[in-house]
Amino acid sequence: MKQKIVVTLSMLAVLLIVEIFLTSSHPEKMWLHFPGSEAWLGALGGILLMKIAKILGQYWLSRKDDYYHG
Amino acid sequence: MANTGCPERMIIIMDKLLLHPSIPFFAGAFLAIWLPNHLRKVVQLAIPFISWFCLQTFLNTTSSFHLQLFGYEFILIRTDALSLLFAYAFLVYTFFANLYSFHENEKYIHASANIYIGSSLGAVLAGDLVTLFVFWEIMALASTVLIWNKERSKSLGALFRYLLVHLAGGLLFFAGILIKILHHQTLNLGPFTLDSAGWLIFLGFAVNAAIVPIHAWLADAYPEATPAATVYLSAFTTKVAVYAFARCFAGSECLIWLGAVSAVYGVIFALMENDIRRLLSYHIVCQIGYMLCGIGLGTELGINAGTAHAVGNILFKGLLMMAAGSILWITGKSKLSDLGGLAKSQKLLLVFYMVGAFAIAGFPFLNGYVSKALLIKAVLKSHQEWLEFVLLWVAVGTFLSIALKLAYFAFWGERSEIKILRPVPVTMYAGMTGISLICLGMGLFPDLIYRFLPYPIHAQVYDPVHILHSLQLLAGTFLGFLFLVKGLHTKDVISLDLDWFYRKGAVFFVNQICSPIRGIQESVQKNLTEGIQRLAVWMRQIFPSQQISAVSHPLFMLVTMSILVGIVVLVSR
């Protein structure tokens, strides 16, 4: 797992360096002022979605598989 | 549609009617029942080509498909860029879906699929509301049959719920048409205002499009069907509704809100799901949200993006359903909690699944990337930054649930020993190969889809910055997944959705309402039973036992009942 994380982080670092050279200093989107903003959105947005789904499932919506037929 | 004032007569010119692209499908439905197995399967493969030929022949002639009936003129076919885009997408997809379901030996699946596809085609080619409604309802009935799965007893309940929801949607649609007729408004398909009739028609469309909060029928019904039937179901009903929205309600702002809510709702429920086909069904709801956002923007680029995503979705969602169906076919299991370790033995299946997963996630060089990039451009042009943020967030969830969660637990996961019951048939692979190549082709050469879009388009989606941002988004999501994957476990559970209200809540409600009535009913039943018992005792005292048995003989009772019913019918007349 650690190896996969290191590889992904390296990939992201490369993408970040490329971004610095490619993007303009006046990006059209507000959040693109931060370097690697889309990567942040991916990581944090993904974690947030997983947490929301887990909390909704665990405390409210999950039922046994035979709930409607038991 | 206009009242022509002609005497009530029906003009049907057979050579014209035979050219309607739906006719080969309807004829194929009858043939599917009568033909022997092998011949039927060959015919199935030929039908999309015959239908394509009919459509091309129609396009090359100047004839029109107008039918005069009851003083009204119905437009059976109206071909413009929007309807042709959907018609072509349906025909291409049908060929590969038929190839995928080549192994299917159940005649009723092929017969009902043909009627379903034929009516879907008729719906997207219809020029007026009545014609659209007729095909719409045939589509609902045929798809109901497709949901029936002999091997799953639960499918019958899902089938009835599906039918009831769609009949309710059809009634709303019909009520809208009636109001339009009463107000002498045009029934020709075109942009409608959201007056009383418009809202009813809108709601009728919304039921078929599975927009939140009237979406639960989809995740309830589609996973119950056979793998082959689900491949058909995933492509048509919702996309016909998207077409109808694009045709009649493009630019309605409420579509943007409903689309955004559906997209977020669908992706969260997909993340909660354990059943792979239910998970993918929630992603249909989610992706419909994308399409509606584009259509709701109402700009040329927005409508192009929404319809391009609909066409892309037919393909990559079909591919994902095919892969999920193949998993069910080879293992007999569809729950992530029962699956795992398939990557070792099913490498080819993994490749096809990942093509679909990356396409839906918007990975560069696949068709999902093109339509999502167009949509983001349309959103930015309309200055709806909040919507862009929501759509990107949903893209993160899509990649997370389909390409990471589902793939991880089905192909790798905790369980490494999974029994393979039978191999994937070659024709299933052939169907998936075809769709994968189209997804790749449309991703590499966006002009393949651009030329069929409703409005001219010159958007450049492959600019380095956009590719870079897409890769960052996906890599960031992967990183987030890696951090949380150890804590992820699958459990044999279901998630309650809004169908709870009519599956449990309504039962509870009816029980509460009926409890006083039930007391009266039980009292009447008890008194009636006692009365009949007393009558029987009295009869036995009067008549000897042999005569009683003669009177209670079934044949005697049948004849007596028939005479009594006859008398009642005669008297009532």
Side-chain angles (χ1 to χ4, degrees), chain A, chain B residues 153-154 157-158 220 264 267-275 335 337 376 380 385 388-389 392-401 404-405 463-465 467-488 491-497 499-500 503-504:
Chain A
M1 191 58 70
K2 270 186 185 174
Q3 193 188 355
K4 283 176 188 167
I5 291 174
V6 169
V7 170
T8 314
L9 279 171
S10 315
M11 253 171 58
L12 277 170
V14 172
L15 290 171
L16 197 67
I17 293 164
V18 177
E19 187 189 6
I20 292 166
F21 287 105
L22 275 181
T23 50
S24 65
S25 53
H26 300 289
E28 50 188 332
K29 294 178 237 173
M30 188 189 69
W31 61 82
L32 287 182
H33 285 286
F34 305 102
S37 52
E38 306 264 342
W40 282 107
L41 177 64
L44 299 179
I47 290 170
L48 181 66
L49 273 172
M50 281 197 278
K51 289 288 175 194
I52 291 172
K54 196 169 183 180
I55 290 166
L56 278 177
Q58 208 165 342
Y59 297 107
W60 191 23
L61 298 172
S62 278
R63 294 289 185 280
K64 282 184 180 173
D65 189 51
D66 62 350
Y67 175 73
Y68 286 115
H69 306 278
Chain B
S153 57
K154 290 178 189 173
D220 178 25
V264 175
V267 87
I268 289 175
F269 271 73
L271 278 167
M272 283 194 278
E273 265 309 320
N274 182 38
D275 186 295
K335 290 175 185 165
S337 51
I376 294 293
L380 282 175
E385 279 79 11
E388 192 212 358
F389 187 79
L392 286 177
W393 190 40
V394 172
V396 169
T398 306
F399 184 58
L400 197 57
S401 52
L404 299 178
K405 180 193 159 185
D463 62 286
V465 177
I467 294 175
L468 188 75
H469 287 158
S470 299
L471 291 175
Q472 276 190 4
L473 192 78
L474 300 179
T477 311
F478 185 58
L479 190 66
F481 178 76
L482 288 178
F483 278 120
L484 286 186
V485 71
K486 274 194 173 175
L488 286 180
K491 289 177 191 165
D492 191 9
V493 292
I494 57 160
S495 305
L496 298 186
D497 199 351
D499 57 343
W500 181 90
R503 295 178 73 175
K504 283 277 186 186

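All values reported here derive from a predicted model rather than from experimental measurement. The sequence lines fix the lettering, A, B, ..., with proteins before strands; numbering per chain opens at 1. What's counted below: heavy atoms across the whole structure, side chains too, no hydrogens, waters or symmetry copies.
Using a 4.5 Å cut-off between heavy atoms, A/Lys64 contacts chain B through its backbone alone, with no side-chain atom that close. Contact annotation for A/Leu56: both backbone and side-chain heavy atoms come within less than 4.5 Å of a heavy atom of chain B. For B/Leu400, the part lying under 4.5 angstrom from a heavy atom of chain A is the side chain only. With a threshold of 4.5 angstrom between heavy atoms, B/Lys335 approaches chain A through side-chain atoms but not through N, CA, C or O. Proximity to chain A is absent for every atom of B/Val264, based on heavy atoms less than 4.5 angstrom apart. Looking at B/Phe269, only its side chain comes within 4.5 Å of chain A, counting heavy atoms on both sides. Looking at A/Leu12, only its side chain comes within 4.5 Å of chain B, counting heavy atoms on both sides.
B/Gln472 and A/Gly36 get closest at one heavy-atom pair: OE1-CA, 3.5 Å. For B/Ile268 against A/Ala53, the heavy-atom pair with the smallest separation is O-CB, 3.9 Å. The two atoms that bring B/Met272 and A/Leu61 nearest to each other are CE-CD1, 3.8 Å, heavy atoms only. Minimum heavy-atom separation, B/Trp500 to A/Tyr67: NE1-OH, 2.9 Å. Here the shortest heavy-atom pairing between A/Leu41 and B/Val396 reads O-CG2, 4.2 Å. Pairing each heavy atom of A/Ser62 with each of B/Val493, the nearest pair is OG-CG2, 4.0 Å.
Taking CD of A/Glu19 as the reference point, atom CG of B/Leu468 lies at 5.5 Å (rounded to 0.5 Å). If you take OG1 on B/Thr477 and CE on A/Met50, they are separated by 9.0 Å, rounding to the nearest 0.5 Å. Note that the CG atom of A/Leu9 and the CZ atom of B/Phe478 stand 11.0 Å from one another [nearest 0.5 Å]. With rounding to the nearest 0.5 Å, the separation of CG in B/Leu471 from CE in A/Met11 is 7.5 Å. For the atom pair OG1 of B/Thr398 and CG of A/Leu49, the computed distance is 9.0 Å after rounding to the nearest 0.5 Å.
By number of non-hydrogen pairs under 4.5 angstrom with chain A, the leading residue of B/Asn274, B/Leu473, B/Val267, B/Asp497 is B/Leu473. Ranking B/Leu271, B/Leu404, B/Leu474 against chain A, the residue ahead of the rest is B/Leu271, based on heavy-atom pairs under 4.5 Å.
Under the 4.5 Å side-chain criterion, counting only non-hydrogen atoms from C-beta, B/Phe483 is in contact with A/Ile5.
When the shell of 6.0 Å around NZ of B/Lys154 is examined, it contains more than 12 heavy atoms from other residues, nucleotides or ligands. Atom NZ of A/Lys51 has 12 or fewer neighbouring heavy atoms from other residues, nucleotides or ligands inside a 6.0 Å radius.
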